[in-house]
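Worksheet for the structure shown next.
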Amino acid sequence: MKTKRPLMGAIAVLLLAGAALTGCGKGETAQSNSDGKSKGATYTFRLADTHPPDYPTVIGDKKFAELVNERTNGRIKIEVFPSGQLGEEKAVLEQIQLGAIDFTRTNANPLAEFNKEFSVLGLPYIFESDEHLWRFLESETGERMLNNLEKSRMKGLAYYSSGARSFYSRNPLTSIDDLKGMKIRVQQSKLNIDLVSALGASATPMPYSEVFSGLQTGVIDGAENNFPSYYSSNHYQAAKHILLDKHQRTPEVLLVSKATWDKLSPEDQQIIKQAALDSVKTQRESWEKWEKESEQKVKEAGVTITEVTDFKPWQEAVKPVVEKYGAEFKDILQAIEKAR
Ligand code: GTR
């Protein structure tokens, strides 16, 4: 892609510089069955997702739950709670750490508040395309990051697609200059606060579920997200101008509480890990379809869509953010470069 040059400089500088069946709790029974497929305890787990039931991530979650159920002969049930029923992302992650919620699908931006390495995935303009992102996610480093979540009392199982995030607003928004002084909602993530501040806007972190009313009442002028979220959350109805600056390609992560993981037998861990990986195909297919359809639907609803033709001013403006957050993680940046 032609537009990546200025940022590559920043990256180069950074690189150079430097079945336990005991202790059963809620939802579990220490029960063996001997009907062949897989033996061990019976569990009912909960999986939290902020999106509505037909959204691609929830389609992935459900596929995952279905595969686990099938492969354990119904012994392990994972109940999927969509639409933020178990709370907003940050609160869910806190509960995951405590073992009060077993599984969640979260975006890597809020996850970075619990495990700093993940902020690399949200660095602006670090991935030139979804193909580049996926080559990295499927690399050894991508897998290592999932496993390193153990330090944060979680265990990463798989990545899901989330496309590119762009800004949208209640007021006309056709260039980087229009963002100056706007009040923009961001995910609860320090990186995103810095990113939006670097672009001259005022960053307002808030849970996803509050953004629609925030836009309606004018508490915020705008927000940023991918097309499927912009559409499914109805944000497009209140913020009718979208500027396709594609500042981030932050992926989604399917993960399990370490407390839950540690009480599973190695056989059950293996089944769960494999089912998560096998659900990725379904999620990505649903994603492709949704990305196109949601763009089409917001167009039909009369949204003004402006393409960005020159990404240089954007990449220049956010360079300090890349330097600040990337400095600690040169090995990961190197792997990202390798995947380019
Ligand atoms: C979406 C993401 C959600 C949530 C949301 C947000 O793209 O899939 O998990 O993080 O963005 O902006 O809060």
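Just so it is clear, the model here is predicted, and its values are computed rather than measured.
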Salt-bridged, [X] to [Y], with N to O below 4.0 Å?
| X | Y | value |
| --- | --- | --- |
| Lys258 | Glu150 | yes |
| Arg105 | Asp61 | no |
| Lys289 | Glu285 | no |
| Glu131 | Arg135 | no |
| Lys62 | Glu66 | no |
| Glu300 | Lys297 | no |
| Asp278 | Arg71 | yes |
| Asp262 | Lys155 | no |
| Arg153 | Glu94 | no |

At their closest point, which heavy atom of [X] faces which heavy atom of [Y], and how far apart are they?
| X | Y | value |
| --- | --- | --- |
| Glu113 | Gln188 | CG-O, 3.4 Å |
| Ala108 | Leu121 | CB-CD1, 4.2 Å |
| Pro52 | Pro82 | C-CB, 4.2 Å |
| Val321 | Leu123 | O-CD2, 4.1 Å |

Problem set entry | Greater than 12 external heavy atoms within 6.0 Å of Lys273's NZ |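 Yes, NZ of Lys273 has more than 12 neighbouring heavy atoms, counting only those of other groups under 6.0 Å.
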Problem set entry | Exceeds 12 heavy-atom contacts within 6.0 angstrom, atom OH of Tyr231 |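 No, not enclosed.
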Exercise. If you group Ile, Leu, Val, Met, Phe, Trp and Tyr by side-chain heavy-atom gaps below 4.5 Å, do Ile101 and Tyr208 land in one group?
Worked result: no
Exercise. So if you build clusters from Ile, Leu, Val, Met, Phe, Trp, Tyr with side-chain heavy-atom gaps below 4.5 Å, do Leu277 and Leu254 land together?
Worked result: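 Unlinked, Leu277 and Leu254 end up in two clusters.
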Check for a donor-acceptor pair, side chain of [X] on one end and backbone N or O of [Y] on the other, with a separation under 3.5 Å.
| X | Y | answer |
| --- | --- | --- |
| Arg170 | Lys240 | no |
| Asn226 | Ala164 | no |
| Thr260 | Val256 | no |
| Asp102 | Arg46 | yes |
| Glu88 | Lys90 | yes |
| Ser257 | Ala259 | yes |

Does a donor on one side chain and an acceptor on the other come within less than 3.5 Å for [X] and [Y]?
| X | Y | result |
| --- | --- | --- |
| Asp194 | Tyr325 | yes |
| His241 | Ser169 | no |
| Thr57 | Glu252 | no |

Exercise. Taking Glu117 as the fixed residue, which of Lys151, Arg144, Lys330 is the one that meets the salt bridge (charged side-chain N to carboxylate O under 4.0 Å, His left out) rule?
Worked result: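 When salt bridge (charged side-chain N to carboxylate O under 4.0 Å, His left out) is applied between Glu117 and each of Lys151, Arg144, Lys330, only Arg144 qualifies.
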Exercise. Roughly how far apart are Asp245 CG and Leu179 CG, rounded to 0.5 Å?
Worked result: 7.0 Å
For this session: Kindly compute the distance separating CD1 (Ile126) from CD (Glu337), expressed to the nearest 0.5 Å.
Result: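 Spacing of CD1 (Ile126) from CD (Glu337) equals 7.0 Å.
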Problem set entry | Step-by-step side chain to side chain donor-acceptor pair (under 3.5 Å) determination, Ser152 to Asn115 | CA-CA 6 Å; Ser152 315; Asn115 185 300; 3.0 Å; yes
Problem set entry | Full working for side chain to side chain donor-acceptor pair (under 3.5 Å) between Trp134 and Ser161 | CA-CA 9 Å; Trp134 274 98; Ser161 278; 3.1 Å; yes
Problem set entry | Derivation and outcome, ring-ring contact (aromatic ring centres under 6.0 Å, His included), residues His235 and Tyr230 | CA-CA 5 Å; His235 293 177; Tyr230 180 47; 7.4 Å; no
